Amino acid sequence: MGKPKRKPAQRRQPERIEITTLGPTEEQAARFQYEDAALVEDGTVQRERVYRRVPHVVTMARAGTISDSQATALGWYRDRWDRAQYSATVDSLGRLGPRSGGGDYERWRTRILDAEADVRRAETAVGSLVATLRAIALEDYSAAQVARQRWTGGVNSRRIKSVVDELRRAADLLQDVAKA
């Protein structure tokens, strides 16, 4: 008689943990607009929810504060500025290129230089409005925040309207630069 045979060990199924995605806090939601976007990976929609903050330029365009063409010009400026901020990196194989991806360095560098030139042309064209342009289009400040920084004596609707008018004028000037 030998020892009785053991039953094979049954694998325990791991506990399924439910992950709840939290949206923006009440404070964040009061100050900014957020979009509830589906997270897409490899062409399939994942179950996780993603909340993305809506840029002030988009919010202003949706509200009709600025026109769609002005929003497009401001988006162009932001895109060119972002591209101008790229820098050369070296990957682990010693290849120089965009974000360590290698590739055609000269073509990549030319794109950066073109973007830098576009930003210089745009900022030269808008002249004294460049501070308002940068604050709203690049730093994502609202018109009220810009007015608050500019006028320490308090913010009223006239001052906010003044900032919005400056942004509109800057965007109109950007449209001409973007077309060139």
Side-chain angles (χ1 to χ4, degrees), residues 20-40 45 48-89 98-99 107-180:
T20 57
T21 303
L22 299 176
T25 64
E26 290 178 22
E27 187 177 88
Q28 290 172 326
R31 294 185 67 208
F32 306 105
Q33 287 187 0
Y34 287 84
E35 288 180 339
D36 182 7
L39 181 62
V40 178
V45 177
E48 294 88 12
R49 295 174 69 171
V50 179
Y51 293 91
R52 292 198 171 96
R53 186 171 150 194
V54 178
H56 280 293
V57 171
V58 174
T59 304
M60 293 171 83
R62 286 179 184 168
T65 308
I66 60 174
S67 69
D68 289 339
S69 60
Q70 290 170 331
T72 302
L74 293 168
W76 173 85
Y77 173 70
R78 174 64 185 253
D79 176 62
R80 303 309 293 170
W81 185 85
D82 284 340
R83 183 165 293 181
Q85 300 307 306
Y86 285 1
S87 63
T89 55
R99 305 283 185 228
R107 186 173 52 133
W108 173 76
R109 184 67 187 146
T110 302
R111 287 182 186 165
I112 293 174
L113 292 173
D114 288 346
E116 289 173 351
D118 287 343
V119 170
R120 278 194 301 275
R121 272 195 351 237
E123 291 182 350
T124 300
V126 299
S128 63
L129 305 173
V130 74
T132 303
L133 174 66
R134 284 183 178 172
I136 296 175
L138 302 181
E139 297 172 20
D140 203 28
Y141 287 160
S142 68
Q145 289 171 315
V146 174
R148 211 172 290 121
Q149 288 178 348
R150 191 173 295 165
W151 293 286
T152 56
V155 177
N156 57 31
S157 60
R158 182 179 53 86
R159 291 180 173 170
I160 293 172
K161 185 180 179 320
S162 171
V163 171
V164 171
D165 289 342
E166 286 181 13
L167 181 67
R168 285 183 186 136
R169 285 196 312 268
D172 289 339
L173 294 168
L174 280 179
Q175 289 177 16
D176 298 334
V177 174
K179 290 177 187 175

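Since the model is a prediction, treat every value here as computed from it, not as a measurement.
- Residues K161 and R158 fail the side-chain proximity criterion, which asks for heavy atoms closer than 4.5 Å.
- The heavy-atom pair separating Y34 from F32 by the smallest distance is CD1-O, 3.7 Å.
- Here R78 pairs with D82 in a salt bridge; the nearest charged N to carboxylate O distance falls below 4.0 Å.
- In this structure, R83 contributes its side chain and R111 its backbone to no donor-acceptor pair below 3.5 Å.
- Contact annotation: the side chain of R159 approaches that of N156 to within less than 4.5 Å [non-hydrogen atoms, C-beta and beyond].
- The heavy-atom pair separating P24 from A29 by the smallest distance is CB-N, 4.4 Å.
- Using a 4.0 Å cut-off between charged nitrogen and carboxylate oxygen, R53 and D140 count as a salt-bridge pair.
- Of the possible polar contacts, one joining the R168 side chain to the T65 backbone as a donor-acceptor pair under 3.5 Å is found.
- A pairwise comparison of heavy atoms in A170 and L129 identifies N-CD1, 3.7 Å as the closest pair.
- Looking at heavy atoms from C-beta onward, W76 lies in side-chain contact with D118 at the 4.5 angstrom threshold.
- Here the shortest heavy-atom pairing between A84 and V119 reads CB-CG2, 4.4 Å.
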### Audit row: M60, L74, side chain to side chain contact (heavy atoms under 4.5 Å, CB included) steps and yes/no
CA-CA 11 Å; M60 293 171 83; L74 293 168; over 6 Å; no

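- Across every non-hydrogen atom of A144 and V155, the tightest pair is O-CG2, 4.3 Å.
- Within the 4.5 Å cutoff, the side chain of L133 has heavy atoms near those of the L174 side chain.
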### Steps toward side chain to side chain contact (heavy atoms under 4.5 Å, CB included) verdict (V126, V177)
CA-CA 10 Å; V126 299; V177 174; over 6 Å; no

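- For T132 and R150, the side-chain atoms include at least one donor-acceptor pair closer than 3.5 Å.
- Between the CG atom of D165 and the CD1 atom of I160 there is a distance of 12.0 Å, given to the nearest 0.5 Å.
- You'll find the side chain of V146 stays beyond 4.5 Å of the side chain of E166, heavy atoms only.
- Across all non-hydrogen atoms, the minimal contact from V57 to A137 is CG2-CA, 4.1 Å.
- Looking at Y77, W81, Y141 one by one, the single match for side chain to side chain contact (heavy atoms under 4.5 Å, CB included) with R134 turns out to be Y77.
- When side chains are defined from C-beta on, V54 counts as touching R62, because their heavy atoms get closer than 4.5 Å.
- Not counting sequence neighbours, the partners of T25 by the side chain to side chain contact (heavy atoms under 4.5 Å, CB included) test are E27, Q28.
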